[in-house]
Amino acid sequence: MAGFEPTQSTTSVASMQVDLGPLPDVVNAVPQAMWAALLVAVIGVLAALVLGLLTTRLLVRFGVPEAIEGTAFERTAREFDTSTVEVLGTLVRFFVLGITFLALLSIANITVAASFWSRTVEFVPQLFFAVVILIVGVVVGDKVQLMVGERLTGIKLPQIGVFPRVAKFTVFYIAILVALSQLGVATLALVVLLAVYLLALVALTAIALSDLLKSGAAGSYLLLNQPYSIGDEVAIGQRRGIVQEVNLFVTHVENDGEEFIVPNSAVFEEGVVRFRD
């Protein structure tokens, strides 16, 4: 116990110490806020990539690409070598990156960020949801137009083509109103815009479908009273032939391979002649 002599183990531990050089000084020289900002940036980029990919896969899993196939928005996206689900996934990525950027500004204590930080934090999510609502509205409007058009393919009247467009733009308009509400537009203004749109829609529909309404009223009378039926030979104005079908709006008359689709309103305006055997 006269003196302490380093043993072999303490000598080996001392020899294992690594000289880090100036690295600790560099780490200590960087403010902690900068390290926090770097960490937030890395987490934000990773979260953007993961959430964007997850959004795309969830939409594919729920069958969204098949549901919106053939819509105008999807066709436009395909022209740019992308798709609707990819666009939505990209929006999610940019949204997360935008939040990350704002967080970096706050952590870095940038003077500009301090003045509009609170407003920007509120506006970015509102803008994101407004854009998503607009895209969904466009896609749903296109799909509604296709569905309504398919339902009305059996009614061969020019006025019928108005209904799919009316349905499409009605969905568009509602989506625009909801998107504007997300951006904080006054509710009273939205109600006034909606009322003006509905009045204009009713007026234009009444003008465009006046002949169709006449044919529908005449068709109701013909179906109830049946002045002629399928198989009868009739003449409606200059059109003569065998009645093939009578529905609410039109009467189908065939003669020598030619089919006349006569609006039921013409039966009242021009009269009908039924030929007896």
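Everything numeric in this text was worked out from a predicted model, so none of it was measured.
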**Request:** Give the intermediate values and the outcome of salt bridge (Lys or Arg N to Asp or Glu O under 4.0 Å) for residues Arg75 and Glu79.
**Result:** CA-CA 6 Å; Arg75 292 196 303 270; Glu79 292 178 359; over 6 Å; no

Rounded to the nearest 0.5 Å, what separates atom [atom1] in [X] from atom [atom2] in [Y]?
X	Y	atom1	atom2	result
Leu222	Ser229	CG	OG	11.5 Å
Leu59	Ser83	CG	OG	9.0 Å
Ile174	Phe169	CD1	CZ	14.0 Å
Leu54	Leu49	CG	CG	12.5 Å
Gln145	Lys168	CD	NZ	4.5 Å
Asn264	Glu269	CG	CD	11.0 Å

**Message:** Walk me through whether Thr56 and Glu86 qualify under side chain to side chain contact (heavy atoms under 4.5 Å, CB included).
**Reply:** CA-CA 6 Å; Thr56 303; Glu86 289 292 340; 3.6 Å; yes

Do [X] and [Y] land in one hydrophobic cluster if side-chain heavy atoms of ILVMFWY residues count as linked below 4.5 Å?
X	Y	result
Leu97	Leu88	no
Leu51	Phe94	no
Val138	Val136	yes
Leu46	Leu53	no
Val171	Val178	no

Give me the atom names and distance for the closest heavy-atom approach of [X] to [Y].
X	Y	value
Val139	Thr84	CG2-CG2, 3.9 Å
Tyr228	Val267	OH-CG2, 3.5 Å
Phe260	Asn255	CE1-CB, 4.3 Å
Gly137	Ala175	CA-CB, 3.6 Å
Val85	Pro65	CG1-CG, 4.0 Å
Val234	Phe275	C-CE1, 4.0 Å

**Prompt:** Of Asp142, Val140, Leu134, which is the lone residue that meets side-chain contact (heavy atoms from CB on, under 4.5 Å) with Phe172?
**Reply:**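 By the side-chain contact (heavy atoms from CB on, under 4.5 Å) criterion, Phe172 pairs with just one of Asp142, Val140, Leu134: Asp142.
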
**Message:** Arg239 and side-chain contact (heavy atoms from CB on, under 4.5 Å): which single residue from Thr251, Val262, Ile261 fits?
**Reply:**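 Of all the options given, the one that passes is Val262.
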
**Prompt:** Can you tell me if CD on Gln238 sees more than 12 non-hydrogen neighbours from other groups inside 6.0 Å?
**Reply:**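 No.
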
**Message:** Using 30° and 60° as the class boundaries, would you call the ring planes of Tyr221 and Phe268 parallel, tilted or perpendicular?
**Reply:**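 Perpendicular.
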
**Request:** Starting from the C-alpha separation in whole Å, work towards a yes-or-no answer on side chain to side chain contact (heavy atoms under 4.5 Å, CB included) for Asn247 and Glu245.
**Result:** CA-CA 7 Å; Asn247 58 41; Glu245 181 184 352; 3.7 Å; yes

**Asked** Would Val45 and Thr100 satisfy side chain to side chain contact (heavy atoms under 4.5 Å, CB included), going step by step from the backbone distance to the final call?
**Response** CA-CA 8 Å; Val45 171; Thr100 302; 5.8 Å; no

**Asked** Given Leu91 and Phe95, is the side chain to side chain contact (heavy atoms under 4.5 Å, CB included) satisfied, shown in steps?
**Response** CA-CA 6 Å; Leu91 281 177; Phe95 172 69; over 6 Å; no

**Message:** If you define the side chain from C-beta out and look only at heavy atoms, does anything of Val131 sit under 4.5 Å from Leu127?
**Reply:** yes

